[in-house]
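Every chain is numbered from 1, with letters handed out A, B, ... down the list of sequences. If you're wondering where the values come from, they're calculated on a predicted model, not measured in any experiment.
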Amino acid sequence: MNQYKSEFLKVLQERGFIHQMSNAEALDALCAKETVTAYIGFDCTASSLHVGSLVQIMMLYWFQQCGHRPITLMGSGTTRVGDPTGKDESRKVLTDEIIEANKNGIKQVFEKFLTYGDGPQDAMMLDNADWLLKLNYMEFLRDVGRYFSVNQMIQRDSVRLRLEREQHLSFLEFNYMLLQGYDYLEIHRQTGCRLQMGGSDQWSNILSGVDLGRRLADEELFALTTPLLTTASGAKMGKTAAGAVWLNPDMLSPYDYWQFWRNTEDADVERFLKLFTILPMEEIARLAALEGAGINEAKKVLATEATAMLHGREAAEAAAETARKAFEEGASAAGLPTVMIARSELEAGIGVLGLYVTAGLCASNGETRRNIKGGAVKVNDKAVTDHSATISFENVAEDGTIKLSLGKKKHVLIKPV
RNA sequence: GGAGGAGUGCCCGAGUGGCUAAAGGGGGCGGACUGUAAAUCCGCUGGCUAUGCCUACGUUGGUUCGAAUCCAACCUCCUCCA
């Protein structure tokens, strides 16, 4: 194991953030010596980031904690072009308005992890639209394109694999590394940034910027990537029943976010504690040593700590308490996701089928029907067997809500208003 | 520009005139077992005002009693040649 001198790389190393690095010794020396500026780029393809980006965000968090200056780059310029990676699906073109809205949605998350401001260690936010949209093709080719060797570009994994498999690679995609490389150069010029980080799939794109820095700015820039995150059983991180695990609370409630972490596979607990919580390493070692059912203890800590990072301590504790009541006492706990419903509708009586759809537990009446057949539907903890059953005021429990369950884990409260 | 090939449900992939809401697998959901885990086993996996109706095999038309399957045009993608 390498022994790093800088606090930042030490932390990254022991927590498992590092996949690849360019010139580790020099980067280590730089981080140990002075306040370094680093950036990570994020695309604006959705109105919220999801857990897939969390490793990157945590890395920026540690970067700042270690006394450096992080930059979050919003890729609204590159998003406008549209990332052509998907091979047979022509991505829908996002309008400027949507991109702008997405950008604003994504921004909120960074503020939970980073401190922005004008101080030397305060985080900055940039947007590559500010320079990319102004690019002139001829100038760009002449000033930047000349330094890119096609011979080298086709050696890069991202390109080579596509060529070897005889898969289509459009010129637009081929240019992507030029744009991202140019971003790095531009950011370096504007801020003195010396390090770009990202997921392992970004490695070659980052290196393009490193090359450009050496050629055009006569400066050594650095690259650092994180491992691609999958669960121990090989699935991609970030998908649940309801879809992606979003970071914005209006897209995924803190309770559901807590549940996501609570359901971590045994084999992933230690790795996730290191990556997604800021607990001291000794504490993580203690939790990781738990065995059998004791691992549940570690999972609860993971869930609460990870949720606290994103949604705040209070929301995390509340989610933990709600879960405790719902799962360990079997009680209908206030704090479960709640759906409001008009009093008048309830007075008239609502069919179970539709109610489950309204509550967001099922996608269609047919799906509810199937779930009833499978014995998964419970209202106020009583199994429903008749799909023509209607729910009305009689079903409102003492606490003023109706508890709908789907399976053992998913519960929603219906509240008349 | 020329020749050839391909487009099927969330994904992969079978299907070449009725038995096809479409094999099989993956994924997902539910159940059993457990520890709100993994692995394993079982069931489900288009919609609806539901013994019926509607939508669906790239798009639009056509042939036929009947089309994912045949024909035409178009769109998109791939391969090879120039």
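- The same atom, P, is picked in B/C70 and in B/G7; the two are 11 Å apart, to the nearest Å.
- Closest to the side chain of A/Lys408, out of B/A38, B/C29, B/G31, is B/G31.
- Comparing A/Gly292 and A/Ala376 along RNA chain B, the residue whose closest nucleotide (by nearest heavy atom) sits nearer the 5' end is A/Ala376.
- In this structure, the nucleotide among B/U36, B/A38, B/G30 sitting nearest to the side chain of A/Glu265 is B/A38.
- As rounded to the nearest Å, B/G61 and B/G47 have C1' atoms that lie 27 Å from one another.
- Taking atom P on both B/A37 and B/A22, the two are 33 Å apart, rounded to the nearest angstrom.
- Rounded to whole Å, the P atom of B/C48 lies 35 Å from the corresponding atom of B/U63.
- Nucleotides B/U79 and B/C42 have their P atoms positioned 42 Å apart, rounded to a whole Å.
- In summary, the side chains of A/Thr226 and A/His19 do not present any donor paired with an acceptor at a separation below 3.5 Å, with no hydrogens or angles considered.
- Distance A/Asn263 CG to B/C29 C1': 14 Å, rounded to the nearest Å.
- For A/Trp261 and A/Thr307, the side-chain atoms include no donor-acceptor pair closer than 3.5 Å.
- Taking atom C1' on both nucleotides, B/U20 is separated from B/A72 by 25 Å, rounded to a whole Å.
- Judged purely by distance below 3.5 Å, without hydrogens or angles, the side chains of A/Lys409 and A/Asn263 pair a donor atom with an acceptor atom.
- The distance from atom CG of A/Asn371 to atom P of B/G31 is 9 Å, rounded to the nearest whole Å.
- A/Glu305 and A/Arg313 are joined by a salt bridge, as a carboxylate oxygen and a charged side-chain nitrogen come within less than 4.0 angstrom of each other.
- Distance A/Lys299 NZ to B/A38 C1': 8 Å, rounded to the nearest Å.
- Distances shorter than 4.0 Å separate none of the side-chain N or O atoms of A/Lys410 from OP1 or OP2 on B/C29.
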Could I get a table of every N or O pair under 3.5 Å where one atom is in the protein and the other is in nucleotides 46-52 of chain B?
| from | atom 1 | to | atom 2 | distance (Å) |
| --- | --- | --- | --- | --- |
| B/G47 | OP1 | A/Ser364 | OG | 2.7 |
| B/G47 | OP2 | A/Arg370 | NH1 | 3.2 |
| B/C48 | OP1 | A/Asn365 | N | 3.0 |
| B/C48 | OP2 | A/Gly366 | N | 2.9 |
| B/U49 | OP2 | A/Asn365 | ND2 | 3.3 |
| B/A50 | N6 | A/Arg369 | NE | 2.9 |
| B/A50 | N6 | A/Arg369 | NH2 | 3.1 |

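- Distance from the side chain of A/Lys409 is smallest to B/A37 among B/G35, B/A37, B/U34.
- Look at NE2 on A/His387: it is 17 Å from P on B/C44, rounded to the nearest Å.
- Across A/Phe222, A/Phe63, A/Phe17, a single residue satisfies ring pair (Phe, Tyr, Trp, His ring centres under 6.0 Å) together with A/Phe8, and that is A/Phe63.
- Contacts of A/Lys373 with the nucleic acid, taken as non-hydrogen atoms under 4.0 Å apart, are absent.
- Summarising the geometry, the separation between CZ on A/Phe272 and P on B/A38 is reported as 12 Å, rounded to the nearest angstrom.
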For RNA chain B, what dot-bracket results from Watson-Crick or G-U pairs at under 3.5 Å, with [ ] for crossers and | for inter-strand partners? ((((((((.[[[..)..(.....]]]((((((.......))))))(((...)))...[[[[[..)....]]]]]))))))).
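- Enclosure of atom NZ in A/Lys112 by more than 12 non-hydrogen atoms of other residues, nucleotides or ligands within 6.0 angstrom is indicated.
- Nucleotides B/C53 and B/U69, compared at atom C1', are 25 Å apart to the nearest Å.
- Computed from coordinates, the A/Ile295 CD1 to B/G35 P distance equals 12 Å when rounded to whole Å.
- Salt bridge present: A/Glu321 and A/Arg324 bring a charged side-chain N and a carboxylate O closer than 4.0 Å.
- Rounded to whole Å, the separation between the P atoms of B/A73 and B/C29 comes to 46 Å.
- A centroid separation of 6.0 Å or more is found between the aromatic rings of A/Tyr116 and A/Phe110.
- Protein atom CD1 of A/Ile372 is 14 Å distant from nucleotide atom P of B/G31, rounded to whole Å.
- Side-chain N/O atoms of A/Asp211 and A/Ser208 include no donor and acceptor closer than 3.5 Å.
- Side chains of A/Ser392 and A/Glu347: a donor-acceptor N/O pair is absent below 3.5 angstrom, by distance only.
- Mapping A/Leu406 and A/Lys300 onto RNA chain B by nearest heavy atom places A/Leu406 closer to the 5' end of the strand.
- The existence of a salt bridge linking A/Glu139 and A/Arg142 is excluded, since no basic side-chain nitrogen approaches an acidic carboxylate oxygen closer than 4.0 Å.
- Between the CG atom of A/Asp266 and the C1' atom of B/U34 there is a distance of 11 Å, rounded to whole Å.
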